[in-house]
Amino acid sequence: MYSRQFSEPPEHLVQNGKAHFGSFNGVSPKTDIRGMRAPYAGVPVPSIISNLRIKSRLDFVFSLNDYIGLSQFYDFKVIGLGEIIFWNKSTGKKYVYHTIMPSRRRFVPVLTTRGICACYRKSRYIKISWGRQHKHHALAFKVKGDSARPNAEGYMYSPMQDDMHTDALFVCPSPASSRCSATWFSSMNVSGHVAVNDEKTEDSNGLGMMILNRAYYKFHSKASCVYGIGNVKNKKIVFYLKTSNMDAADSDSYNCNVLVVDGKQTALPSVYMTHPFGIDKNWIIQDTESMVDLTFTPLSVNSRTLNLIALRTNYHTMYGTFEGVLLTTDGEKIILKNFPGMLYKGMLRL
């Protein structure tokens, strides 16, 4: 059976122009991948130029009693993009709020010991924070509506001492060893609430995950990501699957696919995601090692296209349900039926 072991994380991800590739249990003090030697076509350009090709993305996924959602930040150096999107589980109604942030030194921090990624606009206050000293992860937002959407606010907090908390670091060739992609994955219990139109609501308990990725991007990149989050027979299940045109050439040995069951991590093989009947129809998600065999059925789709001078991004964020089977490293079958989650498919041209 497929097996990919976790090892101890290195102090520095890149040393002497080379990256420490692998899957690590825990996380390094920084997700800094600067300093790769000749990352593009082997041409030894100054590092100040190649470092401009490093882009970052931060996701915070949450699932509470009534709502499931995703907050995202994109760091494109010259500008930043932020978004909060969530769905009411019972009605399927979606709520989407976007923001564009002007240039700053860094949108997504490199420190894993503590950090804040935020937009402080009055109409679009969104903040993701973490602090290992204070042992927490948190998401807070307060967004103003318009004629098409209501006002909304929410807050989620997760102590790191809980039994569902995990940290994993994946450093992968992207696609060859001259470039790398680093992903910090953290699963957690969350406690919080989401309120629409200032409705009174009480805090409830749920699950969450945070994913921070930093990579040397191509001029034209494509990616599909899957987020599964929920409960099966009193077991807490969180999984994250990703495939892109920047995957490692040996993607079974190097990828960031992971399954967490009651706080225990399983590294999963690379997967193939297809949608033979269209983006808004059933997706097939499978591997070649018989550990992942899933079908994702979208219930609500949000699409957006953004053109800003040399930047063009087009993406689809979908809420839906999973059916199928996942296999843990111990050989345990996790059978999913009507299991909630989300799927993201995006294209970026720089």
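Model, not experiment: these values are computed from the prediction. Computation of the quantities below employed the complete heavy-atom set of this structure, encompassing side-chain atoms and omitting hydrogens, waters and symmetry-equivalent molecules.
Between the CE atom of M210 and the CD1 atom of I128 there is a distance of 7.5 Å, given to the nearest 0.5 Å.
Under the 3.5 Å distance criterion, with hydrogens and angles disregarded, no donor-acceptor pair is assigned to the side chains of E202 and H193. Side-chain atoms of T295 and N282 form no donor-acceptor pair, as typed in the model, at a separation below 3.5 Å. Side-chain contact annotation: W87 with S300, donor-acceptor N/O pair under 3.5 Å present. For R37 and N16, the side-chain atoms include no donor-acceptor pair closer than 3.5 Å. A donor-acceptor contact closer than 3.5 angstrom links the side chains of T99 and R121. Between the side chains of S303 and H316, a donor-acceptor pair is found at a separation under 3.5 Å. Looking only at atom types and distance, the side chain of D163 has a donor-acceptor partner in the side chain of N189 under 3.5 Å away. Side chains of R312 and N307: a donor on one and an acceptor on the other come within 3.5 Å.
Checked for salt-bridge contact, D59 and R57 meet the test: a charged N lies under 4.0 Å from a carboxylate O. Using a 4.0 Å cut-off between charged side-chain N and carboxylate O, R124 and E83 make no salt bridge. A salt bridge links K264 with D330: at least one charged nitrogen is closer than 4.0 Å to a carboxylate oxygen.
Checked against a 6.0 Å centroid threshold, the rings of F296 and W283 do not count as neighbours. Taking the six-membered ring for Trp and the full ring otherwise, the centers of F322 and F239 sit less than 6.0 Å from each other. Between H12 and H20, the distance separating the two ring centers is not shorter than 6.0 angstrom. Ring pair F107/F73: centre-to-centre distance not below 6.0 Å.
For K30, the NZ atom counts as loosely surrounded, since its 6.0 Å shell holds 12 or fewer non-hydrogen atoms of other residues, nucleotides or ligands.
Using bins of under 30°, 30° to 60° and over 60° for the plane-to-plane angle, the ring pair Y254/F21 lands in the perpendicular bin.
A side-chain contact (heavy atoms from CB on, under 4.5 Å) with L259 is found for one member of L326, L241, V238 and no other, namely L326.
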